[in-house]
Amino acid sequence: MQISKKLLRIVGQTNAKYEMFEENDKILLGLSGGKDSLILSHILNHFQKVSPKNWKFKAVTVDYGIGQDFSYLIEHFKNHCIDYEIIKTNSFEVMQEKAKQNATICSFCARLRRGHLYTYALKNGFNKVALGHHLDDAVESFFMNFTYNGALRTLAPKYTAKNGLVLIRPLIFARERQIRDCAIKNELKVVGDECCPAYSMENKMPHARANTKELLLNLEKNNPKLFISLKSAFENIHKDTFF
């Protein structure tokens with residue numbers, strides 16, 4: 001695996017700022033099989049080897065129970081000596097029972113997946129959960145929240161959940177295109193829509209994120225420094241100017 005020096009530097013700076021990889025950490029990586037979590041697994045593998053601190057991680061994939069083929073991921077991580085496991089669940093069956101007609105199940109699916117990750121982490125002595133969200137995800141989340149939900153919030157680089165687990169996002173300062181380029185360069189095979197429960201159920205697909213992506217694409221064309229500015233804005237909040 002050839003991870004760009006720039007991408008490694010970004011994660012290194014993020015780690016230095018938020019202390020993501022600490023002494024005796026036991027980190028559980030939620031791995032969907034997409035480009036972001038796949039690249040993050042190799043970045044964690046790199047930092048674990050070069051870090052002066054003693055910590056370890058394990059990658060896990062939540063099996064929704066729709067007959068996904070994980071043979072490629074199993075072989076891939078075996079070849080790269082990365083600890084990996086598949087968590088078997090009946091999530092797809094639950095989603096079929098709970099799904100409302102003409103409504104997206106994505107939020108419900110995400111809560112189920114997060115619940116299985118948390119349960120596995122607590123049961124097996126992990127103190128942190130790592131997710132592959134990047135800066136584009138954070139910006140999209142911010143725009144979706146204030147345009148659809150009436151709230152000013154985004155994805156935190158690091159926070160502690162109510163159950164005591166610390167959630168970390170080592171790629172939060174990286175752009176999606178940097179991660180995509182890395183995946184293409186290394187010819188990574190990534191999981192596609194065939195593993196999406198909504199796709200399998202022919203459920204209504206979410207439009208908010210697609211609309212937000214298109215909006216941001218157009219905004220960035222007019223202002224190439226948009227994401228740089230927003231990254232700074234997320235750390236420069238003036239609470240006294242809001243209602």
Side-chain angles (χ1 to χ4, degrees), residues 1 3-32 34-62 77 80-85 110 113-142 145 152-176 178-179 182 227-239:
M1 283 291 296
I3 308 296
S4 72
K5 291 182 179 179
K6 186 172 184 179
L7 202 50
L8 291 175
R9 184 169 64 252
I10 289 172
V11 175
Q13 291 169 345
T14 306
N15 176 48
K17 187 177 181 70
Y18 294 103
E19 297 183 326
M20 298 202 165
F21 316 136
E22 299 176 280
E23 186 69 29
N24 296 322
D25 270 350
K26 192 175 178 184
I27 303 171
L28 185 70
L29 168 62
L31 190 133
S32 65
K35 66 183 187 314
D36 307 326
S37 57
L38 266 174
I39 292 297
L40 180 55
S41 69
H42 288 281
I43 289 177
L44 289 177
N45 196 36
H46 166 83
F47 277 98
Q48 183 187 35
K49 292 176 181 177
V50 303
S51 175
K53 296 181 179 180
N54 180 38
W55 57 274
K56 56 185 178 180
F57 83 99
K58 178 177 183 174
V60 295
T61 297
V62 175
F77 289 121
H80 289 278
C81 300
I82 293 176
D83 193 9
Y84 176 67
E85 186 178 339
R113 182 175 64 249
R114 188 73 59 88
H116 286 299
L117 283 175
Y118 282 176
T119 299
Y120 183 96
L122 293 168
K123 195 174 182 179
N124 293 278
F126 291 89
N127 65 308
K128 289 182 178 177
V129 173
L131 299 174
H133 295 126
H134 42 68
L135 184 58
D136 292 64
D137 289 323
V139 170
E140 289 164 16
S141 178
F142 175 71
N145 271 299
L152 292 177
R153 59 183 299 179
T154 184
L155 305 174
K158 180 180 181 181
Y159 78 89
T160 303
K162 292 180 180 179
N163 56 20
L165 288 171
V166 177
L167 196 69
I168 59 173
R169 295 181 169 101
L171 291 173
I172 201 65
F173 289 159
R175 292 299 307 272
E176 182 176 17
Q178 294 173 307
I179 300 167
C182 187
F227 280 76
I228 296 174
S229 179
L230 283 168
K231 176 178 171 291
S232 297
F234 291 162
E235 299 178 297
N236 185 25
I237 300 169
H238 296 218
K239 292 183 181 179

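Just so it is clear, the values below take in all heavy atoms, side chains as well, and ignore hydrogens, waters and symmetry mates.
Under the 4.5 Å side-chain criterion, counting only non-hydrogen atoms from C-beta, His46 is not in contact with Met1. Here the side chains of Gln178 and Ile10 are in contact, with some heavy-atom distance below 4.5 Å. In this structure, Ile168 and Tyr18 have side chains that are not in contact, with every pair of non-hydrogen atoms separated by 4.5 Å or more.
Ser37 places no side-chain N or O within 3.5 Å of a backbone atom of Gly132 that could act as its donor or acceptor partner. Side chain of Lys158 to main chain of Met20: no donor-acceptor pair is present (N/O by atom type, distance under 3.5 Å, no hydrogens or angles). Judged purely by atom type and a 3.5 angstrom limit, Asn145 has no side-chain atom pairing as donor or acceptor with the backbone of Phe142. Under a 3.5 Å cut-off, the side chain of Glu85 and the backbone N or O of Val60 do not form any donor-acceptor pair. At least one donor-acceptor pair closer than 3.5 Å links the side chain of Asn163 to the backbone N or O of Leu165. In this structure, Thr61 contributes its side chain and Leu31 its backbone to a donor-acceptor pair below 3.5 Å. A donor-acceptor pair under 3.5 Å is absent between the side-chain atoms of Ser51 and the main chain of Gln48, judged by distance alone. Of the possible polar contacts, one joining the Asn124 side chain to the Tyr120 backbone as a donor-acceptor pair under 3.5 Å is found. Under the 3.5 Å distance criterion, the side-chain polar atoms of Arg169 are matched with a main-chain donor or acceptor of Ala156.
Summarising the geometry of Glu235 relative to Phe173, their closest heavy-atom pair is OE2-CZ, 4.4 Å, with the distance given to 0.1 Å. Nearest heavy atoms, Leu7 versus Ala174: CD1-CB, 3.7 Å. Shortest non-hydrogen contact noted between Ile82 and Ser41 is CD1-O, 4.0 Å. Listed here is the closest heavy atom pair of Arg175 and Leu135: CD-CD2, 3.8 Å. The minimum heavy-atom distance linking Tyr118 with Ala161 is given by the pair OH-CB, 4.1 Å. The two residues Arg113 and Val62 make their nearest non-hydrogen contact at CG-CG2, 4.0 Å.
For the residue pair Asn45/His42, the side-chain donor-acceptor check at 3.5 Å is not satisfied.
In this structure, the separation between CG on Leu167 and CG on Leu117 is 9.5 Å, given to the nearest 0.5 Å. Atoms CD and OG1, on Glu140 and Thr154 in that order, are 10.0 Å from each other to the nearest 0.5 Å. Here the CG-CG distance, from Asn15 to Leu8, works out to 12.0 Å after rounding to the nearest 0.5 Å. Once rounded to the nearest 0.5 Å, the distance linking CZ of Arg9 with OG of Ser4 reads 8.5 Å. Annotation: the span from Ile39 atom CD1 to Cys182 atom SG amounts to 3.5 Å, rounded to 0.5 Å. Note: Leu171 CG to Asp137 CG = 9.5 Å, rounded to the nearest 0.5 Å.
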Using the side-chain contact (heavy atoms from CB on, under 4.5 Å) rule, take Phe126 and Val166 through it: C-alpha gap first, then chi angles, then the decisive distance, then the call.
-> CA-CA 9 Å; Phe126 291 89; Val166 177; over 6 Å; no
side-chain contact (heavy atoms from CB on, under 4.5 Å) between His133 and Asp36: does it pass, once the steps are laid out?
-> CA-CA 7 Å; His133 295 126; Asp36 307 326; over 6 Å; no
Hey, mind stepping through Asn24 and Asn54 against side-chain contact (heavy atoms from CB on, under 4.5 Å) and telling me if it holds?
-> CA-CA 6 Å; Asn24 296 322; Asn54 180 38; 4.0 Å; yes
For side-chain contact (heavy atoms from CB on, under 4.5 Å), just list the numbers for Leu155 and Phe234, CA-CA rounded to whole Å, side-chain angles, deciding distance to a tenth of an Å, and then say yes or no.
-> CA-CA 10 Å; Leu155 305 174; Phe234 291 162; over 6 Å; no
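Between Phe47 and Phe21, the two ring planes are tilted [angle within 30° to 60°].
Enclosure of atom NZ in Lys26 by more than 12 non-hydrogen atoms of other residues, nucleotides or ligands within 6.0 angstrom is indicated.
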